Amino acid sequence: MADPEAVTLRVADHIAWITLADVRRRNSLNPTLVDQLASACAQAAQDPDVRVVVLRAEGPIFSAGGDLDSLGEPGRDIREVYRGFQALESLAVPVIAAVHAPVIGAGVNFILACDVVVAARSATFDPRFLDIGIHPGGGHLWRMRQRVGEQGTAALVLCGDVLTAEEAQERGLIWRCVEDAELLDVVGRLAAKVVSRSPEVVRRTKATLRIMRGLTDPKMAAEIEQIAQEWSMRQPAFTEAVARLRERIRGHS
């Protein structure tokens, strides 16, 4: 019997739901899961109907991180492990993570590759790289530092600190911590809000956010935003939104 799919993709109402479903291997970064995740991201990227992606997982562990069997294969290029994260991060549409359970080791890179992370109270975040004598990879330190700062990154990576979902929210690693039963409802509402907006403006705004990562000059940042803002004001979505707003104002006068 063939192994079940390690990653599934379902598109509904302009939302692409990508699910890590390799429960038997605890959604570890084995070659099958990595390849299927990269493929699912490519399909979502090529689908004009997709306006937002939600990453979720099945099983008691969101991801157990590195797959020890594949990591130990002679001659294996370790960079292949990170193809899935890179595919997630490269998506032009917003990516929201719905984290229901513990995230371990390199699995933390999943959430670092997403734009917004919502976690259930049952989730924990434990990078754990150094516990098995391996240096973090895949841009982990850079992305973690963007979220929690240098001291937070040192505490998690060097000192082995583990965060609960509540603590992760307090420190900026995730956006929101919610009750377990509310997780998918909250994520679904965020995704639906993205869908309700102009897809062109959403994509342009995400692209601008990416550019901002490398800027230190506020004047240059403001100029880049201004160019994008003027572009948006020439789009049909702006004209239509202004017309609707004026109509509502007239209706209340």
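All residue numbers refer to positions in the sequence shown, counting from 1. Keep in mind that this is a model prediction, so the values were computed, not measured.
- Using a 4.5 Å cut-off on side-chain heavy atoms (C-beta onward), L173 and L163 make contact.
- L55 is listed as a side-chain neighbour of L88, based on a closest heavy-atom distance under 4.5 Å.
- At least one side-chain heavy atom of N30 sits under 4.5 Å from a side-chain heavy atom of D22.
- The backbone N or O of W231 lies less than 3.5 Å from a partner atom in the side chain of Q235, making a donor-acceptor pair.
- When atom types are taken as modelled, the side chain of K206 and the backbone of V93 share a donor-acceptor pair closer than 3.5 angstrom.
- Heavy-atom neighbours of M212 CE from other residues, nucleotides or ligands within 6.0 Å: above the threshold of 12.
- The side-chain heavy atoms of L91 and C41, taken from C-beta on, include a pair separated by under 4.5 Å.
- No more than 12 heavy atoms of other residues, nucleotides or ligands shown are found within 6.0 angstrom of CZ on R197.
- Contact of the N109 side chain with the P136 side chain is not registered, since no non-hydrogen atoms from C-beta on lie closer than 4.5 Å.
- Under 4.0 Å is where a charged nitrogen must lie from a carboxylate oxygen, and between R213 and E89 at least one such pair does.
- The environment of CZ in R147 is crowded: more than 12 heavy-atom neighbours from other residues, nucleotides or ligands sit within 6.0 Å.
- The closest donor-acceptor contact from the side chain of Q169 to the backbone of I174 lies at 3.5 Å or more, if one exists at all.
- Taking the ring centroids of F129 and H135, they lie at or beyond the 6.0 Å cut-off.
- The backbone N or O of H100 lies less than 3.5 Å from no partner atom in the side chain of D180, so there is not a single donor-acceptor pair.
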